[in-house]
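Worksheet for the structure shown next.
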2 protein chains.
Amino acid sequence: MEENTNYTEILKREGMKSTKHRNAILLLLEQSEDPITAEELYISLKENTALINLSTVYRTLDIFVSKNLVIKSTMDDGKARYELNHHEHKHHLFCVGCHKVISIEDCPMGELQESLKKKIDFDVTGHKLEIYGYCHNCKKV
Amino acid sequence: MEENTNYTEILKREGMKSTKHRNAILLLLEQSEDPITAEELYISLKENTALINLSTVYRTLDIFVSKNLVIKSTMDDGKARYELNHHEHKHHLFCVGCHKVISIEDCPMGELQESLKKKIDFDVTGHKLEIYGYCHNCKKV
DNA sequence: ATGCAAATGCAAGGCGTTTGCAAGTAAGTT
DNA sequence: AACTTACTTGCAAACGCCTTGCATTTGCAT
(Lines give C-alpha, C1' and ligand atoms only; values in the text may rest on other atoms or scores of the structure.)
Protein backbone atom coordinates (compact mmCIF):
# COMPACT_ATOMS: atom_id res chain seq x y z
CA MET A 1 0.00 0.00 0.00
CA GLU A 2 1.52 3.30 -1.07
CA GLU A 3 2.07 5.87 1.56
CA ASN A 4 1.13 9.41 1.67
CA THR A 5 -0.18 11.28 -1.32
CA ASN A 6 -3.50 10.07 -2.54
CA TYR A 7 -6.25 7.87 -1.22
CA THR A 8 -8.23 7.52 -4.41
CA GLU A 9 -7.77 3.78 -4.60
CA ILE A 10 -8.84 3.13 -1.07
CA LEU A 11 -11.91 5.29 -1.56
CA LYS A 12 -12.80 3.58 -4.81
CA ARG A 13 -12.37 0.16 -3.32
CA GLU A 14 -14.93 1.13 -0.71
CA GLY A 15 -17.32 2.45 -3.32
CA MET A 16 -16.84 6.11 -2.54
CA LYS A 17 -16.01 8.95 -4.84
CA SER A 18 -12.56 10.41 -4.43
CA THR A 19 -12.94 14.02 -3.47
CA LYS A 20 -10.60 16.73 -2.31
CA HIS A 21 -12.20 16.76 1.13
CA ARG A 22 -12.06 13.05 1.67
CA ASN A 23 -8.45 12.85 0.65
CA ALA A 24 -7.61 15.75 2.89
CA ILE A 25 -9.37 14.16 5.86
CA LEU A 26 -7.64 10.85 5.38
CA LEU A 27 -4.29 12.58 5.06
CA LEU A 28 -4.85 14.56 8.23
CA LEU A 29 -5.89 11.46 10.12
CA GLU A 30 -2.80 9.70 8.87
CA GLN A 31 -0.60 12.56 10.01
CA SER A 32 -2.21 12.78 13.40
CA GLU A 33 -0.46 10.74 16.04
CA ASP A 34 -3.45 10.57 18.30
CA PRO A 35 -7.22 10.47 17.89
CA ILE A 36 -8.68 13.90 17.17
CA THR A 37 -12.12 15.46 17.34
CA ALA A 38 -14.21 16.41 14.34
CA GLU A 39 -13.75 20.04 15.20
CA GLU A 40 -9.98 19.80 15.42
CA LEU A 41 -10.04 18.20 12.02
CA TYR A 42 -12.32 20.90 10.71
CA ILE A 43 -10.14 23.72 11.99
CA SER A 44 -6.96 22.15 10.73
CA LEU A 45 -8.51 21.65 7.31
CA LYS A 46 -9.76 25.18 7.18
CA GLU A 47 -6.40 26.62 8.07
CA ASN A 48 -4.12 24.38 6.11
CA THR A 49 -5.91 22.67 3.32
CA ALA A 50 -9.29 23.64 2.10
CA LEU A 51 -12.42 25.38 3.19
CA ILE A 52 -14.86 22.77 4.31
CA ASN A 53 -18.12 22.62 6.18
CA LEU A 54 -18.27 21.06 9.60
CA SER A 55 -21.22 18.92 8.62
CA THR A 56 -19.18 17.53 5.76
CA VAL A 57 -16.50 16.56 8.23
CA TYR A 58 -19.02 14.71 10.36
CA ARG A 59 -20.65 13.06 7.36
CA THR A 60 -17.33 11.99 5.96
CA LEU A 61 -16.13 10.62 9.27
CA ASP A 62 -19.37 8.72 9.72
CA ILE A 63 -18.93 7.10 6.33
CA PHE A 64 -15.33 6.21 7.07
CA VAL A 65 -16.41 4.68 10.36
CA SER A 66 -19.11 2.66 8.64
CA LYS A 67 -16.52 1.40 6.15
CA ASN A 68 -14.19 0.55 9.00
CA LEU A 69 -11.52 2.91 7.75
CA VAL A 70 -11.75 4.99 10.89
CA ILE A 71 -12.35 4.26 14.56
CA LYS A 72 -14.59 6.52 16.62
CA SER A 73 -14.38 6.73 20.39
CA THR A 74 -16.64 8.79 22.60
CA MET A 75 -14.76 10.16 25.59
CA ASP A 76 -15.92 11.43 28.94
CA ASP A 77 -15.70 15.05 27.87
CA GLY A 78 -18.62 14.40 25.54
CA LYS A 79 -16.63 14.65 22.33
CA ALA A 80 -15.97 11.82 19.93
CA ARG A 81 -12.46 11.30 18.63
CA TYR A 82 -11.42 9.73 15.38
CA GLU A 83 -8.33 7.90 14.20
CA LEU A 84 -7.36 5.81 11.21
CA ASN A 85 -8.07 2.16 11.65
CA HIS A 86 -4.72 0.46 11.39
CA HIS A 87 -6.48 -2.76 12.30
CA GLU A 88 -4.61 -3.15 15.49
CA HIS A 89 -6.56 -3.63 18.68
CA LYS A 90 -6.27 -0.36 20.54
CA HIS A 91 -7.15 1.44 23.71
CA HIS A 92 -6.80 5.00 24.86
CA LEU A 93 -5.06 6.93 27.55
CA PHE A 94 -6.86 10.15 28.37
CA CYS A 95 -4.78 12.78 30.13
CA VAL A 96 -6.94 14.57 32.68
CA GLY A 97 -4.43 17.39 32.71
CA CYS A 98 -4.29 18.44 29.05
CA HIS A 99 -7.03 16.25 27.48
CA LYS A 100 -4.53 14.68 25.14
CA VAL A 101 -5.46 11.20 24.00
CA ILE A 102 -2.82 8.56 23.47
CA SER A 103 -3.47 5.25 21.73
CA ILE A 104 -1.96 2.09 23.11
CA GLU A 105 -2.08 -1.45 21.87
CA ASP A 106 -1.97 -3.20 25.20
CA CYS A 107 -5.18 -4.95 26.16
CA PRO A 108 -5.95 -6.60 29.44
CA MET A 109 -9.20 -8.29 28.44
CA GLY A 110 -8.53 -11.93 27.62
CA GLU A 111 -10.18 -14.36 29.93
CA LEU A 112 -12.76 -11.95 31.27
CA GLN A 113 -14.69 -12.45 28.06
CA GLU A 114 -15.13 -16.17 28.58
CA SER A 115 -15.88 -15.70 32.22
CA LEU A 116 -18.76 -13.35 31.40
CA LYS A 117 -20.16 -15.82 28.93
CA LYS A 118 -20.15 -18.55 31.52
CA LYS A 119 -21.18 -16.54 34.53
CA ILE A 120 -24.00 -14.40 33.17
CA ASP A 121 -24.53 -15.53 29.60
CA PHE A 122 -23.36 -12.27 28.06
CA ASP A 123 -21.92 -12.54 24.54
CA VAL A 124 -19.14 -10.01 24.22
CA THR A 125 -18.82 -8.46 20.77
CA GLY A 126 -16.41 -5.71 21.64
CA HIS A 127 -15.11 -3.52 24.37
CA LYS A 128 -13.69 -0.12 25.02
CA LEU A 129 -11.13 0.72 27.63
CA GLU A 130 -10.35 4.27 28.57
CA ILE A 131 -7.57 4.90 30.98
CA TYR A 132 -7.40 8.22 32.78
CA GLY A 133 -4.38 9.78 34.34
CA TYR A 134 -1.51 12.20 33.89
CA CYS A 135 0.71 12.14 30.85
CA HIS A 136 4.43 12.80 31.01
CA ASN A 137 3.96 16.56 30.61
CA CYS A 138 1.18 16.89 33.14
CA LYS A 139 2.58 14.74 35.91
CA LYS A 140 1.47 15.70 39.36
CA VAL A 141 4.19 17.44 41.31
CA MET B 1 -25.32 2.28 58.18
CA GLU B 2 -29.10 1.99 58.19
CA GLU B 3 -30.77 0.75 55.13
CA ASN B 4 -33.63 2.07 53.21
CA THR B 5 -35.87 4.83 54.42
CA ASN B 6 -34.16 8.11 54.80
CA TYR B 7 -30.91 9.59 53.65
CA THR B 8 -30.90 12.68 55.80
CA GLU B 9 -27.80 11.69 57.69
CA ILE B 10 -25.80 10.93 54.61
CA LEU B 11 -26.82 14.24 53.08
CA LYS B 12 -25.95 16.14 56.23
CA ARG B 13 -22.63 14.47 56.55
CA GLU B 14 -21.84 15.73 53.05
CA GLY B 15 -22.98 19.21 53.88
CA MET B 16 -26.18 19.14 51.87
CA LYS B 17 -29.68 19.96 52.94
CA SER B 18 -32.01 17.01 53.14
CA THR B 19 -34.81 17.57 50.67
CA LYS B 20 -37.65 15.50 49.35
CA HIS B 21 -36.09 15.36 45.90
CA ARG B 22 -32.67 14.33 47.05
CA ASN B 23 -34.04 11.60 49.23
CA ALA B 24 -36.24 10.37 46.41
CA ILE B 25 -33.33 10.29 43.98
CA LEU B 26 -31.11 8.39 46.38
CA LEU B 27 -33.90 5.91 47.05
CA LEU B 28 -34.51 5.35 43.36
CA LEU B 29 -30.83 4.85 42.71
CA GLU B 30 -30.70 2.38 45.54
CA GLN B 31 -33.62 0.47 44.13
CA SER B 32 -32.26 0.41 40.63
CA GLU B 33 -30.24 -2.68 39.85
CA ASP B 34 -28.37 -1.10 36.99
CA PRO B 35 -27.13 2.37 36.13
CA ILE B 36 -29.89 4.61 34.80
CA THR B 37 -30.05 7.82 32.83
CA ALA B 38 -31.09 11.18 34.24
CA GLU B 39 -34.22 11.06 32.14
CA GLU B 40 -35.23 7.61 33.34
CA LEU B 41 -34.82 8.88 36.86
CA TYR B 42 -36.84 11.97 36.05
CA ILE B 43 -39.71 9.99 34.54
CA SER B 44 -39.76 7.48 37.33
CA LEU B 45 -39.83 10.26 39.91
CA LYS B 46 -42.61 12.06 38.11
CA GLU B 47 -44.76 8.97 37.91
CA ASN B 48 -44.13 7.45 41.29
CA THR B 49 -42.86 9.95 43.73
CA ALA B 50 -42.94 13.65 43.17
CA LEU B 51 -43.08 16.23 40.47
CA ILE B 52 -39.58 17.37 39.79
CA ASN B 53 -37.77 19.35 37.17
CA LEU B 54 -35.28 17.67 34.90
CA SER B 55 -32.66 20.29 35.64
CA THR B 56 -33.01 19.53 39.31
CA VAL B 57 -32.31 15.91 38.55
CA TYR B 58 -29.15 16.84 36.69
CA ARG B 59 -28.03 19.29 39.34
CA THR B 60 -28.65 16.82 42.11
CA LEU B 61 -26.84 14.04 40.31
CA ASP B 62 -23.89 16.33 39.63
CA ILE B 63 -23.63 17.15 43.29
CA PHE B 64 -23.86 13.51 44.28
CA VAL B 65 -21.13 12.70 41.78
CA SER B 66 -18.93 15.46 43.15
CA LYS B 67 -19.46 14.07 46.66
CA ASN B 68 -18.63 10.59 45.42
CA LEU B 69 -22.03 9.26 46.39
CA VAL B 70 -22.84 8.45 42.79
CA ILE B 71 -20.88 7.21 39.80
CA LYS B 72 -21.49 8.68 36.37
CA SER B 73 -20.59 6.85 33.18
CA THR B 74 -20.94 8.29 29.71
CA MET B 75 -21.88 5.59 27.26
CA ASP B 76 -21.52 5.39 23.51
CA ASP B 77 -25.17 6.24 22.92
CA GLY B 78 -24.42 9.74 24.15
CA LYS B 79 -26.28 9.42 27.43
CA ALA B 80 -24.73 9.38 30.86
CA ARG B 81 -25.84 6.80 33.37
CA TYR B 82 -25.79 7.04 37.13
CA GLU B 83 -25.59 4.52 39.93
CA LEU B 84 -24.99 4.60 43.66
CA ASN B 85 -21.36 4.36 44.60
CA HIS B 86 -21.12 1.21 46.67
CA HIS B 87 -17.37 1.71 46.67
CA GLU B 88 -16.74 -1.45 44.80
CA HIS B 89 -14.67 -1.29 41.67
CA LYS B 90 -17.10 -1.74 38.80
CA HIS B 91 -17.37 -2.02 35.07
CA HIS B 92 -20.28 -2.10 32.69
CA LEU B 93 -21.75 -4.43 30.15
CA PHE B 94 -23.69 -2.57 27.49
CA CYS B 95 -26.19 -4.65 25.56
CA VAL B 96 -26.20 -3.51 21.95
CA GLY B 97 -29.58 -5.17 21.54
CA CYS B 98 -31.69 -3.47 24.20
CA HIS B 99 -29.27 -0.82 25.56
CA LYS B 100 -29.50 -2.30 29.02
CA VAL B 101 -26.47 -1.67 31.17
CA ILE B 102 -25.25 -4.28 33.61
CA SER B 103 -22.65 -3.61 36.29
CA ILE B 104 -19.96 -6.16 36.97
CA GLU B 105 -17.19 -6.22 39.50
CA ASP B 106 -14.64 -8.11 37.49
CA CYS B 107 -11.66 -6.04 36.39
CA PRO B 108 -8.89 -7.11 34.08
CA MET B 109 -6.58 -4.15 34.61
CA GLY B 110 -3.89 -5.11 37.10
CA GLU B 111 -0.43 -5.12 35.68
CA LEU B 112 -1.24 -2.93 32.70
CA GLN B 113 -1.16 0.04 35.02
CA GLU B 114 2.42 -0.54 36.07
CA SER B 115 3.46 -1.34 32.56
CA LEU B 116 2.13 2.02 31.33
CA LYS B 117 4.02 3.81 34.06
CA LYS B 118 7.24 2.15 33.05
CA LYS B 119 6.80 2.18 29.31
CA ILE B 120 5.49 5.66 28.65
CA ASP B 121 5.52 7.44 32.01
CA PHE B 122 1.74 7.69 32.24
CA ASP B 123 0.34 7.88 35.77
CA VAL B 124 -2.98 6.08 35.81
CA THR B 125 -5.56 7.58 38.14
CA GLY B 126 -8.55 5.63 36.93
CA HIS B 127 -10.04 3.73 34.09
CA LYS B 128 -13.32 2.88 32.51
CA LEU B 129 -14.12 -0.36 30.77
CA GLU B 130 -17.22 -0.75 28.69
CA ILE B 131 -17.99 -4.12 27.29
CA TYR B 132 -20.41 -4.40 24.40
CA GLY B 133 -22.37 -7.44 23.41
CA TYR B 134 -25.66 -9.25 23.69
CA CYS B 135 -27.34 -9.90 27.00
CA HIS B 136 -29.18 -13.09 27.80
CA ASN B 137 -32.46 -11.78 26.39
CA CYS B 138 -31.00 -10.37 23.20
CA LYS B 139 -28.74 -13.23 22.23
CA LYS B 140 -28.14 -13.56 18.54
CA VAL B 141 -30.07 -16.45 17.03
C1' DA C 1 -18.84 16.42 -23.58
C1' DT C 2 -22.92 14.90 -21.14
C1' DG C 3 -25.95 13.19 -17.55
C1' DC C 4 -26.78 11.24 -13.26
C1' DA C 5 -25.87 9.80 -8.75
C1' DA C 6 -23.17 11.10 -5.07
C1' DA C 7 -21.02 14.83 -2.31
C1' DT C 8 -21.20 19.40 -0.37
C1' DG C 9 -22.64 23.94 1.80
C1' DC C 10 -25.92 26.17 4.27
C1' DA C 11 -29.19 26.85 7.68
C1' DA C 12 -32.07 24.89 10.70
C1' DG C 13 -32.99 21.47 13.99
C1' DG C 14 -32.27 17.61 17.58
C1' DC C 15 -30.89 15.94 21.80
C1' DG C 16 -28.70 15.64 26.21
C1' DT C 17 -27.22 18.74 29.36
C1' DT C 18 -26.26 23.36 31.62
C1' DT C 19 -27.24 28.02 33.32
C1' DG C 20 -29.28 32.57 35.06
C1' DC C 21 -32.64 34.20 37.73
C1' DA C 22 -36.59 34.60 40.66
C1' DA C 23 -39.25 32.16 43.96
C1' DG C 24 -39.41 28.59 47.50
C1' DT C 25 -37.69 26.00 51.44
C1' DA C 26 -34.53 23.71 55.13
C1' DA C 27 -32.70 24.50 59.26
C1' DG C 28 -29.92 27.32 62.51
C1' DT C 29 -30.75 31.45 65.64
C1' DT C 30 -33.47 34.10 68.53
C1' DA D 1 -42.81 29.63 66.83
C1' DA D 2 -41.18 33.29 64.01
C1' DC D 3 -37.03 35.22 61.76
C1' DT D 4 -33.19 34.89 58.81
C1' DT D 5 -30.19 33.45 55.41
C1' DA D 6 -28.14 30.49 52.44
C1' DC D 7 -29.17 26.67 49.88
C1' DT D 8 -32.46 24.47 46.62
C1' DT D 9 -35.79 24.39 42.97
C1' DG D 10 -38.63 25.48 38.74
C1' DC D 11 -38.72 27.68 34.61
C1' DA D 12 -37.17 29.10 30.30
C1' DA D 13 -33.57 29.94 27.63
C1' DA D 14 -29.24 28.60 26.01
C1' DC D 15 -25.33 25.54 25.07
C1' DG D 16 -22.36 22.10 22.65
C1' DC D 17 -21.95 18.38 19.78
C1' DC D 18 -23.86 16.49 16.18
C1' DT D 19 -27.51 15.51 12.42
C1' DT D 20 -30.67 16.55 8.66
C1' DG D 21 -33.30 18.52 4.57
C1' DC D 22 -32.71 20.72 0.60
C1' DA D 23 -30.67 23.18 -3.22
C1' DT D 24 -26.32 23.32 -5.59
C1' DT D 25 -22.04 21.43 -7.15
C1' DT D 26 -18.97 17.78 -8.44
C1' DG D 27 -16.84 13.17 -9.69
C1' DC D 28 -16.86 10.00 -13.03
C1' DA D 29 -19.12 6.38 -16.17
C1' DT D 30 -20.85 6.55 -20.63
Side-chain angles (χ1 to χ4, degrees), chain A residues 6-26 28 35-46 49-67 69-82 94 99 101, chain B residues 6-26 28 35-46 49-67 69-82 94 99 101:
Chain A
N6 198 295
Y7 300 87
T8 304
E9 288 189 18
I10 297 174
L11 290 167
K12 275 218 175 107
R13 187 194 320 138
E14 299 289 345
M16 314 171 64
K17 287 184 181 169
S18 168
T19 70
K20 182 175 57 171
H21 291 334
R22 287 174 178 173
N23 279 277
I25 288 175
L26 286 173
L28 252 179
I36 53 179
T37 65
E39 181 150 35
E40 286 164 352
L41 247 165
Y42 165 68
I43 291 172
S44 177
L45 284 168
K46 216 166 60 169
T49 316
L51 221 45
I52 189 173
N53 194 281
L54 185 55
S55 63
T56 302
V57 175
Y58 277 110
R59 270 193 284 233
T60 304
L61 287 171
D62 277 354
I63 294 173
F64 288 168
V65 169
S66 76
K67 305 279 186 188
L69 293 176
V70 162
I71 296 169
K72 170 181 181 178
S73 321
T74 306
M75 296 280 151
D76 252 6
D77 64 354
K79 297 183 193 170
R81 280 165 175 83
Y82 301 85
F94 186 83
H99 284 201
V101 178
Chain B
N6 198 296
Y7 301 89
T8 305
E9 287 190 17
I10 297 174
L11 291 167
K12 273 217 177 111
R13 186 192 322 138
E14 300 290 345
M16 314 172 63
K17 286 184 181 166
S18 168
T19 71
K20 182 176 58 172
H21 292 333
R22 287 174 178 172
N23 279 277
I25 288 175
L26 286 173
L28 252 178
I36 54 179
T37 65
E39 181 150 32
E40 286 165 350
L41 247 166
Y42 165 67
I43 290 172
S44 177
L45 283 167
K46 218 165 60 170
T49 316
L51 221 47
I52 190 174
N53 194 279
L54 185 54
S55 63
T56 302
V57 175
Y58 277 110
R59 271 191 284 231
T60 304
L61 288 171
D62 278 355
I63 295 173
F64 287 168
V65 168
S66 76
K67 305 278 188 188
L69 294 176
V70 163
I71 296 169
K72 169 182 182 177
S73 320
T74 306
M75 295 279 150
D76 252 6
D77 65 352
K79 297 183 193 169
R81 278 164 179 83
Y82 302 84
F94 187 82
H99 284 199
V101 178

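Proteins get letters first, then strands, A, B, ... in listed order; numbering begins at 1 in each. No hydrogens, no waters, no symmetry mates; every other heavy atom, side chains included, goes into these values.
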Practice task
Give a yes/no answer on whether the side chain of Tyr58(A) brings an N or O atom under 4.0 Å of OP1 or OP2 in dT19(D).
Solution key: no
Practice task
Check the distance between dT20(D)'s C1' and Leu54(A)'s CG and give it to me in whole angstrom.
Solution key: 13 Å
Exercise for the section: Could you please name the option among dT8(D), dC28(D), dC18(D) that lies closest to any side-chain atom of Ser18(A)? Expected result: dC28(D)
Exercise for the section: Find which nucleotide of DNA chain D each of Lys17(A) and Ile63(B) is nearest to by heavy atoms, and output the residue with the more 5' nucleotide. Expected result: Ile63(B)
Practice task
Give the rounded distance in Å between these two atoms: CD of Glu39(B) and P of dG14(C).
Solution key: 15 Å
Fill in the blank from the handout: Side-chain contact check for Thr56(A): nearest option of dG27(D), dG9(C), dT9(D) is dG9(C)
Practice task
Output yes when at least one side-chain N/O atom of Arg59(B) is less than 4.0 Å from OP1 or OP2 of dT8(D), else no.
Solution key: no
Problem - Proximity to the side chain of Ser55(A) - top-ranked nucleotide from dT25(C), dC10(C), dG10(D) - result: dC10(C)
Exercise for the section: Round to a whole Å and report the spacing from NZ of Lys46(B) to C1' of dT9(D). Expected result: 16 Å
Practice task
Report yes if at least one side-chain N or O of His21(B) is closer than 4.0 Å to OP1 or OP2 of dG10(D); otherwise report no.
Solution key: yes
Problem - Proximal nucleotide (of dT25(C), dT9(D), dG10(D)) relative to the Ile52(B) side chain - result: dG10(D)
Problem - Between dC17(D) (P) and Ile36(A) (CD1): distance, integer Å - result: 15 Å
Completion exercise
Rounded to whole Å, CD of Glu14(B) lies from C1' of dC7(D) at a distance of 16 Å
Fill in the blank from the handout: Nearest heavy-atom approach of Tyr7(B) to Leu26(B) is CB-CD1, 3.5 Å
Fill in the blank from the handout: In whole angstroms, the gap separating P of dA6(C) from NZ of Lys12(A) amounts to 15 Å
Practice task
Taking atom CD of Glu14(A) as the centre, report whether more than 12 heavy atoms of other residues, nucleotides or ligands fall under 6.0 Å from it.
Solution key: yes
Completion exercise
Rounded to whole Å, CG of Asn53(A) lies from C1' of dT24(D) at a distance of 13 Å
Handout entry: Minimum heavy-atom distance between Lys17(A) and Leu11(A), given as atom pair plus value
Key = O-CD1, 4.2 Å
Handout entry: Residue pair Ile52(B), Ile25(B): steps toward the side-chain contact (heavy atoms from CB on, under 4.5 Å) verdict
Key = CA-CA 10 Å; Ile52(B) 190 174; Ile25(B) 288 175; 4.3 Å; yes
Practice task
Provide the closest heavy-atom pair for Ala38(A) versus Leu54(A) in the form atom of the first, atom of the second, distance.
Solution key: O-CD1, 4.2 Å
Handout entry: Nucleotide dT8(C), atom P - distance to CZ of Arg22(A) in whole Å
Key = 5 Å
Handout entry: Side-chain N or O of Lys79(A) closer than 4.0 Å to phosphate OP1/OP2 of dC17(D)
Key = yes
